[in-house]
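Here the structure comes first, spelled out in structure tokens, and everything after it is commentary.
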Amino acid sequence: MDRAPRDGMPSDVLVVEDDPIIALDFEDTILGFGVKTVRIAANVAKALELIAHRPPEFALLDVSLIREKSFAVAERLEVLKIPFAFVTGYGADAMLPAVFAAKPRLPKPCSTEALEALLKNSRVMP
């Protein structure tokens, strides 16, 4: 598989997802786009640890993790000015805090094309 970076793609993506099958699918798909590194966190504490160790260039955040929401991770990414998007199985019905209402959102499952487009445009996101 060609793993050379493609135009517009971040080189390091953090995926915050509590379902290991979905996380591995995201990882495989994102690496297939030419992203160099994909790191996975299943909970808020691990995600914040990974960000503190090395901030990613982009992050995908599952809204509802086991017993917690990913909003603390989103807040940290905002402070660091790192673009991110929410991924949720609840679609447009997912309740996001007002401060994150304009952030990109992908449904679960999402198409490969939608994920690729999101990552390619990640550097121009608000």
Within the 4.5 Å heavy-atom criterion, are Leu60 and Ile30 side-chain neighbours or not? yes
Could you tell me whether the side chain of Met9 reaches within less than 4.5 Å of the side chain of Lys36, counting heavy atoms only? no
Any Cys110 side-chain heavy atom under 4.5 Å of Phe26 side chain: yes
By the definition side chain to side chain contact (heavy atoms under 4.5 Å, CB included), identify the one residue from Val79, Val16, Leu80 that meets it with Ile51. Leu80
At their closest point, which heavy atom of Glu57 faces which heavy atom of Pro10, and how far apart are they? OE1-CA, 3.2 Å
Would you indicate whether the side-chain heavy atoms of Thr88 and Arg105 approach each other to under 4.5 Å? yes
Under 4.0 Å between a Lys/Arg side-chain N and an Asp/Glu carboxylate O for Asp62 and Lys108? yes
Between Ser70 (side chain) and Val73 (backbone), is there a donor-acceptor pair under 3.5 Å? no
Drop me the distance from Glu17's CD to Leu65's CG, to the nearest 0.5 angstrom. 7.5 Å
Min side-chain heavy-atom separation Thr112-Phe33 under 4.5 Å: yes
What's the shortest heavy-atom distance between Pro55 and Asp12, and which atoms? O-OD2, 3.9 Å
How about Ile22 and Val87: do any of their side-chain heavy atoms sit closer than 4.5 Å? no
Once rounded to the nearest 0.5 Å, what's the spacing between atom CD of Glu75 and atom CG of Leu48? 9.5 Å
Distance, nearest 0.5 Å, that separates NZ of Lys46 from CG of Asp18: 15.5 Å
Could you check if a side-chain atom of Pro56 sits within less than 4.5 angstrom of a side-chain atom of Val13, using non-hydrogen atoms only? no
May I ask you to establish whether Lys103 and Phe84 are in a cation-pi arrangement, using a distance under 6.0 Å from NZ or CZ to the six-membered ring centre and at most 45° from the ring axis? yes
Output for pair (Leu24 CG, Asp19 CG), nearest 0.5 Å, gives 9.0 Å
Can you check whether Phe71 reaches Leu96 side chain to side chain, under 4.5 Å on heavy atoms? yes
Under 3.5 Å, is there a donor-acceptor pair between the side chain of Arg39 and the main chain of Arg54? yes
Nearest 0.5 angstrom please: Thr37 OG1 to Glu27 CD, how far? 10.0 Å
